[in-house]
Enquirer: 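Before I ask anything, here is the structure I am working with.
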Amino acid sequence: MMTPAHSVPGLPDPGRCLVMGVVNVTPDSFSDGGAWFDTEAAIRHGLDLVAEGADIVDVGGESTRPGAQRVSEPEESRRVLPVIEALAAEGVCVSVDTMRAEVAAAAIVAGARLVNDVSGGLADPAMSRVVAKAAVPYVVMHWRGHSHDMDTRSIYTDVVGEVTDELAARIRAVVAEGVDPSMIIVDPGLGFAKRPEHGHNWSLLAHLDALRALGHPVLVAASRKRFLGRLLAAPDGTPRPFADCDDATVATTALAAAAGAWCVRVHRVRPNADAVRVAAALQAARG
Ligand code: PMM
């Protein structure tokens, strides 16, 4: 069992794996689309997640579910900015889940302390400069293209080696744009150009050590992803619905925290916050 390898400037450091709770301000997200689309409901949900033990609340306004089409920049800003502003005003550590530099910049002004970019800087060439200038932590996720056709890009001969190499290339690129290496967090991008039927996500979860060897904190976002629904499929092969995969998510959280993940991104906070505490207690008992 391994403790998280790093603390990140400006973010909480409770000495255990962090818990990032998700607020998707979207009508159509992968796993909780529509539930928090209303601004007031999204703010309430963010505060509830903190009360349940979230260290960070991740606010996103664009669905990245497989096949999703993009929303416009003004619509994305309209969705996320009031929620970020209200949560930050309550003292919540907020991250903005966006691929757009303009949205990230406005979110930082509104109080976001972390930029979570599922494209790792590939979707918007201006993103790394915005992050560098604001000197905020930056989640660089492994990504091979937008959601509408990402499944066609999920071709690997060695998924762990290729994801690690491609993340290393992204780290070099964003550092070349001025991002401070101590602000970079890496994420294998479970479910993004990773196919449940090919075991890509399981291979990555089984080899978090390879990602940790990049020298940056590792964020793991397995919550309610398709590969869990497939694992738990009914006898006739029908995948388990997303919202019924929360117990399996908790299991991935315990295992990822035990393997040294720095943070888990989850939809249901309380059981996952319990799981990271279990992993931390075991680690402490081992000395
Ligand atoms: N997955 C989703 C959205 N944002 N951010 C990071 N860093 N890593 C992820 O794997 C990730 C993300 C899609 O899941 P959701 O729509 O269920 O929130």
Side-chain angles (χ1 to χ4, degrees), residues 8 11 18-37 42 45-46 49 54 56-71 76 79-80 83 94-100 103-104 107 112 114-123 127 131 137-144 146-148 150-151 154 163 167 170 184-194 196 200-201 204-205 208 211 216-229 241-246 248-249 252-253 256 261-269 272:
V8 179
L11 297 183
L18 294 174
V19 178
M20 173 186 276
V22 178
V23 178
N24 284 319
V25 195
T26 57
D28 60 341
S29 260
F30 180 66
S31 53
D32 57 356
W36 324 113
F37 191 41
H45 185 54
L49 295 182
I56 302 172
V57 172
D58 190 39
V59 180
E62 180 170 41
S63 169
T64 49
R65 77 186 148 73
Q69 299 296 324
R70 301 211 67 190
V71 293
E76 189 186 348
R79 293 177 184 183
V80 297
V83 179
V94 180
S95 89
V96 60
D97 186 341
T98 185
M99 292 183 265
R100 289 191 168 102
V103 176
L114 169 68
V115 173
N116 175 23
D117 177 2
V118 299
S119 83
L122 284 169
M127 181 65 99
V131 171
Y138 185 32
V139 177
V140 174
M141 198 192 83
H142 178 261
W143 187 82
R144 283 186 167 180
H146 285 288
S147 297
H148 65 89
M150 69 181 173
D151 280 352
S154 54
V163 166
L167 276 173
R170 291 311 307 149
I184 297 174
I185 296 142
V186 294
D187 178 336
L190 301 178
F192 287 80
K194 319 287 181 322
H200 296 144
N201 301 288
L204 290 162
L205 273 176
L208 289 184
L211 293 164
H216 297 273
V218 176
L219 188 152
V220 173
S223 186
R224 298 186 174 180
K225 294 256 162 99
R226 280 183 299 172
F227 72 105
L228 298 179
F242 305 132
D244 284 344
C245 292
D246 285 326
T249 298
T252 63
T253 289
W262 166 81
C263 181
V264 288
R265 179 184 180 277
V266 295
H267 299 84
R268 288 209 52 221
V269 163
N272 288 287

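All values reported here derive from a predicted model rather than from experimental measurement. These numbers come from the heavy atoms of this one structure, side chains and all, not from hydrogens, waters or symmetry mates. Each ligand, and each atom within it, is numbered from 1 in the order the structure gives.
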Enquirer: What atoms of ligand 1 come closer than 4.0 angstrom to any heavy atom of Met141?
Expert: 6 (C), 8 (N), 9 (C), 10 (O)
Enquirer: Just going by heavy-atom distances, which of Thr64, Asp97, Asn201, Val266 is nearest to atom 13 (C) of ligand 1?
Expert: Thr64
Enquirer: Taking NZ, NE, NH1 and NH2 as the nitrogens, is one of them in Asp187 or Arg265 under 4.0 Å from a carboxylate oxygen of the other?
Expert: no
Enquirer: For ligand 1, find out whether one of its N or O atoms is nearer than 3.5 Å to an N or O atom of Ser223.
Expert: no
Enquirer: Is there a side-chain contact between His200 and Val163 (heavy atoms, below 4.5 Å)?
Expert: no
Enquirer: Out of all atoms in ligand 1, which are within 4.0 Å of some heavy atom of Ala221? Include the element for each.
Expert: 8 (N), 9 (C), 10 (O)
Enquirer: So Ser95 and Asn116, side-chain hydrogen bond (donor to acceptor under 3.5 Å, both in side chains) or not? Walk me through it.
Expert: CA-CA 6 Å; Ser95 89; Asn116 175 23; 4.9 Å; no
Enquirer: With under 30° as parallel and over 60° as perpendicular, where do the rings of His146 and His148 fit, or are they tilted in between?
Expert: parallel
Enquirer: Geometry only, no angles: is Asn24 polar-contacting ligand 1 at N/O separations under 3.5 Å?
Expert: yes
Enquirer: Compute the minimum heavy-atom distance from Arg265 to ligand 1 and say whether it is under 4.0 Å.
Expert: yes
Enquirer: Give the numbers and elements of all ligand 1 atoms closer than 4.0 Å to a heavy atom of Val139.
Expert: 7 (N)
Enquirer: What atoms of ligand 1 come closer than 4.0 angstrom to any heavy atom of Val118?
Expert: 4 (N), 5 (N), 12 (C)
Enquirer: Can you spot which of Val59, Val94, Thr26 makes a side chain to side chain contact (heavy atoms under 4.5 Å, CB included) with Val80?
Expert: Val59
Enquirer: If hydrogens are left out, which of Asp187, Val220, Asn116 has an atom nearest to atom 8 (N) of ligand 1, that is, the closest non-hydrogen atom?
Expert: Asp187
Enquirer: Heavy atom of Phe192 under 4.0 Å from ligand 1?
Expert: yes
Enquirer: Below 4.5 Å, heavy atoms only, C-beta onward: do Glu62 and Thr98 meet side chain to side chain?
Expert: no
Enquirer: Is there a side-chain contact between Leu205 and Phe227 in this structure, where contact means two heavy atoms from C-beta onward sitting under 4.5 Å apart?
Expert: yes
